[in-house]
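What follows is a single structure, written as structure tokens, with notes after it.
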Amino acid sequence: VFTREGDVFGVTNFGDVVVFDRATGARLNDDLRLPGHVPPSSAVMPRPASVFGDGLVAEAIREWAWQLLAGGAMPSANTPAVDVETGRIFVAATSTTEGLGALHALDLESVGAGASRRVTVRAAFTTEMGPGSGSSPALSPGLDRVYVSDENGVFYGIDAATGAIDWQVDTRATSAAAAVGGNGDVYTLQAFGPALIALRDDGTVRWESELETLARARLPESFWLGEPVAIGNGNPTVVGDAVLVPVIYGYETHFFGRTIPWPVESTVVEVDAATGVGRRDLLDLPDDSTGITVVLADGTILSSLGTALTSGVAPLGGLADLLLPGDRRALRASGGLLLSRPAPPSD
């Protein structure tokens, strides 16, 4: 991320804090590693054997890529948040207490000028939370509160000045970045059930999304697999009065305590930010997102094609083709990045 002063700031997966001069690339800070333990691999999201296989991700980093997605096996797996007024930076990582995560608040001070300029990084506070770092931190519109979740789906509203926990609420939030609307509502992806949940700035639930109507408009009921479902599949993005979220339309089978997804279609859905009701399918994707939807000022949309869901269930593709209704086929993994531009107005 960029600091308030315009330097490049980052935290490695090992928890090492680095600050670079944006123009020259010169390292500006002394060595600093956030205090915290190395957690075990994610127990909430164990890696399916086929995920990122068939050359989608280099074999040497497949497990690392999955743990980065799931928030396991590394002290830091998320993107920092920057308070542009005070310059304070917030990082979700692990705690020194085994089994717990933490929100670290860091203050930066730039000293000197030119080639001799240095940046000092100091810890302002560390607030412990549940295991792992489920989400990247996000700031409220007033910059007075930080929102972050842990690996168990507990969401926290934390005072940005003191680190005190103002509230916490149990959700089914999955490992993904939350989005904050102009009214202070927090939107986050859920692992099971409704794709999105919206929390007010006091931690109470405003809504859980209703996307089933859109799912039923795209897919019929299946004799073998039941009613179609909408599975949240990427970080939400707030645009005006809408929340954009990648969604998989498909089916789910519940088998001996496990949920097996059958992905058929992938799309970015426009959700009413006030009610949680899906308005329309905005953009179809050739693969699952498992990541980020970026909307540029001219309406261009960049969509990651992360393949985590489609590659994870790839061995079931042939069976899915037999079970799916009509001539529908299971969504196949391709990976990549999709760039879409607004369609020109029709005459």
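Everything numeric here is computed off the predicted structure, so don't read it as measured data.
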Audit row: D272, R279, salt bridge (Lys or Arg N to Asp or Glu O under 4.0 Å) steps and yes/no: CA-CA 6 Å; D272 189 304; R279 292 175 178 169; 3.3 Å; yes
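Taking both residues in full, the closest heavy atoms of V82 and R4 are given as CG1-N, 4.3 Å, listed atom of the first, atom of the second, then distance.
Remark: F155 CZ to T188 OG1 distance equals 4.5 Å, nearest 0.5 Å. Summarising the geometry, atom OG belonging to S140 is positioned 9.0 Å from atom CG belonging to D83; distances are rounded to the nearest 0.5 Å. L285 contributes atom CG, which lies 5.0 Å from atom OG of S303 (distance to the nearest 0.5 angstrom). Distance check: L108 CG to F9 CZ gives 6.0 Å after rounding to the nearest 0.5 Å. Atoms CG and OG, on D284 and S340 in that order, are 10.0 Å from each other to the nearest 0.5 Å.
Cluster membership check: L103 shares its hydrophobic cluster with Y156, using side-chain heavy-atom separations under 4.5 Å among Ile, Leu, Val, Met, Phe, Trp and Tyr. The hydrophobic clustering, which links ILVMFWY residues whose side-chain heavy atoms are closer than 4.5 Å, places L302 and L283 apart.
No side-chain donor from either of D287 and T307 sits under 3.5 Å from a side-chain acceptor of the other. Counted by atom type alone, S95 and E128 present one or more donor-acceptor pairs between their side chains at under 3.5 Å. Looking only at atom types and distance, the side chain of D185 has a donor-acceptor partner in the side chain of N183 under 3.5 Å away.
Remark: D31 pairs with R27 by the salt bridge (charged side-chain N to carboxylate O under 4.0 Å, His left out) rule, at least two apart or across chains.
A side chain to side chain contact (heavy atoms under 4.5 Å, CB included) with R216 is found for one member of T213, L219, L214 and no other, namely T213. Applying salt bridge (Lys or Arg N to Asp or Glu O under 4.0 Å) to D7 and the options R117, R22, R118 leaves one that passes, R117.
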